[in-house]
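Atoms considered below: every heavy atom in the structure, side chains included; atoms not considered: hydrogens, waters and symmetry mates. Every chain is numbered from 1, with letters handed out A, B, ... down the list of sequences.
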There are 2 protein chains.
Amino acid sequence: MTDINTAKGSGEGPSKDPIDRMAPDVGLPSAVALERLTPVVELIFFAYRDFTSESDAVLEAYGFGRAHHRVLHFVTWRSGLRVADLLETLRITKQSLARVLKKLVDRGFIVQEAGAADRRERRLYPTLEGRKLAEQLRALQTRRIAAALGEIEPAGQAAALGFLLALTAQPDRAGLAQMLADCGMTPSRPMTETRVR
Amino acid sequence: MTDINTAKGSGEGPSKDPIDRMAPDVGLPSAVALERLTPVVELIFFAYRDFTSESDAVLEAYGFGRAHHRVLHFVTWRSGLRVADLLETLRITKQSLARVLKKLVDRGFIVQEAGAADRRERRLYPTLEGRKLAEQLRALQTRRIAAALGEIEPAGQAAALGFLLALTAQPDRAGLAQMLADCGMTPSRPMTETRVR
DNA sequence: TATTTATGTCAGTCATGTTGACTAATTAGG
DNA sequence: CCTAATTAGTCAACATGACTGACATAAATA
């Protein structure tokens, strides 16, 4: 666990590697100082736990779980995607998806139709009911996000998104950054080619 | 050390409802505009998914899962806590915890000892091996966090933490904010109704 | 036509969450 | 001092959502 043993107190050196040039204020030399970030690990845990709690409660009333939420979300807001896209996005196996997707289809929240160009593909779409639930869940989540953004200084909002984007692994960054930009949500320091790790 | 909060002189607005006065830049009126935040929902999903992926891989080699990680984390970094504290923190049931905790104890990563004042209590402590694993996992996570903080403007780092703190529900905010402050990580606009200090 | 691709499905396993009931040890209150 | 409440451990049973591996089917492609 200690590949970070490079410089330590080196205050204002030229910063190249992201791991070395961090947080002047939130202060981060390099080696030992990483442990100062321990509470941030917990912060992320608590934030995610609470971010999902509201929608989880709604889902429960429908007899769905978080897995159904994820599927319904992407099918609704990236309407027309294929099963393969969903597998790639969620990083789960076909069988895991099948169980969840089947339930959503059986219960009338999602419909499948063969692709126009390639009829092996099943394009996925929400039904009216599916869209309604997806909207309800989105409302809960975006409301919480909006409230949280409202609690920080406007100047820092782009940075907050930039931080989350930087936590995300490369393969998904570009698409996310594009989506954010399309919605007028420009993260600070967008997709800098970073090989974290 | 708190000089980050001075960023931009926009701080003195007539702040009303958090949901109404948000994001001039990241722009947020109120009603319909919430749907512009949809990609942020996905951003949070991807960020969390990728944030946990590295440590999950290490855990797998030990035959542990994310549940064990959470327990080991809190037992190590809040050493000496009681079972009841853990239940409260993780928001799981006694039985869920028992299975995971028992495995960690049986495998020699955690020890329990009766509380000094109240001998019904079982205070939890990591063994040497437990601490080693916890350190390894923490290193992975803090390294990723540090890299992500390094990718945004220093001025925005406090805001990024403030955003996550704002996503967290009240009960846990105070303690988190205190921990962050103790480590020199001051989130911007800390706790609204949570006076610590 | 033969192969590859996209999807669906069967069968079984594992991890982690749940409930409810019960025991044991210890402390606290009347 | 004896009963209450508290803290923790445990059993049995169950649900969800991951996983693997094997196999089926339809459609596109070489």
Can you tell which of C:dT7, D:dA8, C:dT27 lies closest to the side chain of B:R119?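 For B:R119, the side-chain atoms sit closest to C:dT27.
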From the options D:dA8, C:dA6, D:dA5, select the nucleotide whose nearest atom is closest to the side chain of B:V83.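 Nearest to the side chain of B:V83 among the choices is D:dA8.
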Distance check needed: [N] [atom2] versus [X] [atom1], whole Å only.
{"X": "B:H69", "N": "C:dA15", "atom1": "NE2", "atom2": "P", "answer": "18 Å"}
{"X": "B:L97", "N": "C:dA15", "atom1": "CG", "atom2": "P", "answer": "17 Å"}
{"X": "A:D118", "N": "D:dA27", "atom1": "CG", "atom2": "P", "answer": "10 Å"}
{"X": "A:D56", "N": "C:dT18", "atom1": "CG", "atom2": "P", "answer": "11 Å"}
{"X": "A:R123", "N": "D:dA27", "atom1": "CZ", "atom2": "P", "answer": "16 Å"}
{"X": "B:L101", "N": "D:dT7", "atom1": "CG", "atom2": "C1'", "answer": "14 Å"}
{"X": "B:R82", "N": "C:dT26", "atom1": "CZ", "atom2": "P", "answer": "17 Å"}
{"X": "A:L90", "N": "D:dG17", "atom1": "CG", "atom2": "P", "answer": "12 Å"}

G-U wobble or Watson-Crick pairing nucleotide for C:dA2 (cut-off 3.5 Å, both distances):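 The base-pairing partner of C:dA2, which may sit in any strand shown, is D:dT29.
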Can you tell me the pairing partner of D:dT16 across any strand shown, Watson-Crick or G-U wobble, with both distances under 3.5 angstrom?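 Result: C:dA15.
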Lys/Arg N to Asp/Glu carboxylate O, [X] vs [Y], below 4.0 Å:
{"X": "B:E135", "Y": "B:R138", "value": "yes"}
{"X": "B:D172", "Y": "B:R91", "value": "yes"}
{"X": "A:R173", "Y": "B:E151", "value": "yes"}
{"X": "B:K103", "Y": "B:D106", "value": "no"}

What's [X] touching, base or sugar-phosphate or nothing? Going by heavy atoms closer than 4.0 Å.
{"X": "A:R70", "answer": "sugar-phosphate"}
{"X": "B:R91", "answer": "sugar-phosphate"}
{"X": "B:Q112", "answer": "sugar-phosphate"}

D:dA4 glycosidic torsion: syn (within 90° of 0) vs anti: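 D:dA4: syn glycosidic orientation.
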Just N and O in the side chain of A:T93: are any of them under 4.0 Å from OP1 or OP2 of D:dA18?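 Looking at the OP1 and OP2 atoms of D:dA18, neither is under 4.0 Å from any side-chain N or O of A:T93.
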Using only side-chain N and O atoms of B:S96, determine if any of them is under 4.0 Å from OP1 or OP2 of C:dT16.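 Looking at the OP1 and OP2 atoms of C:dT16, neither is under 4.0 Å from any side-chain N or O of B:S96.
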Looking at C:dT5, does its base get a donor-acceptor pair with the side chain of A:R120 below 3.5 Å?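 Answer yes: a donor N or O sits under 3.5 Å from an acceptor.
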Is it the case that the base of D:dG9 and the side chain of B:K94 share a donor-acceptor contact (distance under 3.5 Å, atom types as modelled)?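 Answer is yes: a donor-acceptor pair is held.
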Do B:R107's NZ or CZ and the ring of B:F64 fall within the cation-pi criteria of under 6.0 Å and 45°?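 Yes, B:R107 and B:F64 form such a contact.
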Select from A:V100 and B:E121 the residue whose nearest nucleotide in DNA chain D is closer to the 5' end of that strand.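 Counting from the 5' end, the first nearest nucleotide belongs to B:E121.
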How are the rings of [X] and [Y] set relative to one another: parallel (under 30°), tilted (30 to 60°) or perpendicular (over 60°)?
{"X": "A:Y48", "Y": "A:F51", "answer": "tilted"}
{"X": "B:H73", "Y": "B:H69", "answer": "perpendicular"}
{"X": "A:F46", "Y": "B:F74", "answer": "tilted"}

Under 3.5 Å between N/O atoms: give me all the protein pairs with nucleotides 12-16 of chain D, atom names plus distance.
none

